[in-house]
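Note that the structure is a prediction, hence the values are computed from the model and not measured. Naming: A, B, ... by sequence-line order, numbering from 1 per chain.
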2 protein chains.
Amino acid sequence: MRKNAFTLLELTERLGNVIRAEMRRVGSTYRLHPVHLQALSYLKQANRYSNTPQALTEYLGLTKGTVSQSLLLLYRKGLVARYVDEADKRVVRLKLSAAGKRLMKDAQLAPVWQTAAANVSPARVKTTVLVLLETLRNLQAMQNERPFGVCNTCVHLQRESARIYNCGLSGDRLAVPETRQICRLHTPQ
Amino acid sequence: MRKNAFTLLELTERLGNVIRAEMRRVGSTYRLHPVHLQALSYLKQANRYSNTPQALTEYLGLTKGTVSQSLLLLYRKGLVARYVDEADKRVVRLKLSAAGKRLMKDAQLAPVWQTAAANVSPARVKTTVLVLLETLRNLQAMQNERPFGVCNTCVHLQRESARIYNCGLSGDRLAVPETRQICRLHTPQ
DNA sequence: GAAAATAGGTTTCGTGACGATACCATATTA
DNA sequence: TAATATGGTATCGTCACGAAACCTATTTTC
């Protein structure tokens, strides 16, 4: 298995490079770096417990000072809105602005990727997704990183009724669309 | 398939981030950035047609000026040796120095990765590798990038006898170890 | 309930990646 | 022999990135 595991690492590295190169290409139109696109993409999906500089810092695996700078840039470009949390005034809440949302619609990477994977059978794609997911979760656990997933697949999500969900951790009620967002407190089932 | 293809992209992105974070951690010991480790890793494997700044530039998907600077840094740190090609004096040939080879042995990422993928069945890993490889090849073809593979899997490799191989493209004879190296002229079978 | 500790963010500083452009030397073509 | 192409380097401006200092709001401690 040594051989295969090594190839898996190399392939992911290689694909990561190709994705970064593509991000650079797409981002250059807006004078944005790959990390900026990743930040915008994250903020687009982050739920109410996860729309802060701190959460983004954990997600990207960088230091808070670095992320603070990148967020400042995105703010100056009018792509991100920021406001102080009422309950805890140390906390900053982040949101995509209208311009930010528009940019995320225009600067999609997904189409290229879909074309590339178009001829692979659904069953094989599914296997691939599961293997990568398991590897990712293991890596994150080994490095004490948060897994970052959607509420849908979280142990803390409780279904009250057809359209009413609860987060068992915070005790908050969640709307249906919220259960599809990314949470930094995610705990896989 | 849209859903799955999207998840595949996200997972690869995410894994790419984790790998980069790990590279940053490993590299910080030597004051090296992820891109430096990637360059060293590439040079360790590159064959005689591919051990040049130009090839590395294509491999990393960056501009030649940028790569030239990174190579200068690696040279100054004594990790890379460089000499002018005799046949074509414009060309620079690159090689890991003894210190460079030593560093690559110490700064392995593979062990962590192997642990993470340890519990996945060989068959599933194989499927994953094949799917990722196909996706990578398609992406590269779509963006007119070179595939960069080992001679073993190249259409140009001809087997003369048990231990004698030929590259049909250059006409050169290849030693057995060379057939396991990475080539920028690689054409998948 | 004041002092100490902690936590979320920002600021500042130094290094160097990165793209763009200009530039240089060697090869190739006209 | 001149024009052009090719592999690499040098230079410049922007800004990612980590480290460390700093600020403010909250929590803990005694």
*Choosing from D:dG18, C:dC18, D:dG8, which nucleotide comes nearest the side chain of A:Arg24?*
C:dC18

*Does D:dT14 have OP1 or OP2 sitting under 4.0 Å from an N or O in the side chain of A:His33?*
no

*Check the surroundings of atom CG in A:Asn119: do more than 12 heavy atoms from other residues, nucleotides or ligands lie under 6.0 Å from it?*
no

*In whole Å, what is the span from the CG atom of B:Leu71 to the P atom of D:dG7?*
15 Å

*Taking for each residue the nucleotide of DNA chain C with the nearest heavy atom, is it B:His36 or A:Gln54 whose nucleotide lies nearer the 5' end?*
A:Gln54

*So does A:Thr66 get a side-chain nitrogen or oxygen closer than 4.0 Å to the phosphate oxygens (OP1/OP2) of D:dG18?*
yes

*Taking atom C1' of D:dA5 as reference, at what distance in whole Å does atom CG of B:Asp88 sit?*
12 Å

*For DNA chain D, whose closest nucleotide is more 5', that of A:Glu86 or that of A:Gly61?*
A:Gly61

*Which of these nucleotides, C:dT26, C:dA17, D:dA25, is closest to any side-chain atom of B:Ser70?*
C:dA17

_Tell me whether A:Arg20 contacts the main-chain N or O of A:Pro34 through its side chain, where contact means a donor paired with an acceptor under 3.5 Å._
no

*Please tell me which of the listed nucleotides, D:dC17, C:dT11, D:dG7, lies nearest to the side chain of A:Gln69?*
C:dT11

*Tell me what B:Ala87 touches on the nucleic acid: a base, only sugar-phosphate, or nothing, going by heavy atoms under 4.0 Å.*
sugar-phosphate

*Which part of the nucleic acid does B:Lys89 contact within heavy-atom distance under 4.0 Å: base, sugar-phosphate only, or nothing?*
sugar-phosphate

*So if you build clusters from Ile, Leu, Val, Met, Phe, Trp, Tyr with side-chain heavy-atom gaps below 4.5 Å, do A:Met142 and A:Leu8 land together?*
yes

_Rounded distance (Å) that lies between atom C1' of D:dA16 and atom CG of A:Leu74_ = 12 Å

*A:Asp85 CG to C:dA7 P, straight-line distance once rounded to whole Å*: 18 Å

*Can you check whether A:Arg31 has a side-chain N or O nearer than 4.0 Å to OP1 or OP2 of D:dT14?*
no

_Atom pair distance, as rounded to whole Å: CE in A:Met23 and C1' in C:dG19_ = 18 Å

*Expressed in angstrom and rounded to an integer, what is the separation of A:Leu73 atom CG from D:dC17 atom C1'?*
14 Å

*Can you tell me the distance, in whole Å, between the CG atom of A:Leu62 and the P atom of C:dA17?*
16 Å

_Contact summary for A:Cys167 and A:Tyr49, nearest pair of heavy atoms_ = CB-OH, 4.3 Å

*asked:* Check for me whether B:Arg93 meets the cation-pi criterion with B:Tyr83, that is, NZ or CZ under 6.0 Å from the six-membered ring centre and within 45 degrees of the ring axis.
replied: no

*Answer yes when B:Arg48 and B:Asp172 have at least one side-chain N-carboxylate O distance shorter than 4.0 Å, and no when they do not.*
yes

*Could you check which of D:dG8, C:dG9, C:dC18 has an atom nearest any side-chain atom of A:Lys64?*
C:dG9

*Rounded to the nearest angstrom, tell me the gap between atom OH in B:Tyr30 and atom P in C:dG16.*
18 Å

_Under 4.0 Å, counting only non-hydrogen atoms across every strand here, what does B:Ser28 touch: a base, just sugar-phosphate, or nothing?_
nothing

_DNA chain D: 5'-proximal contact among B:Leu72 and A:Thr63 (nearest heavy atom)_ = B:Leu72

*Please determine, for the side chain of B:Arg82, which listed nucleotide (C:dT10, C:dT26, D:dG8) has the closest atom?*
D:dG8

*Go through D:dT26, C:dA27, D:dG8 for me and flag the one nearest to the B:Arg90 side chain.*
C:dA27

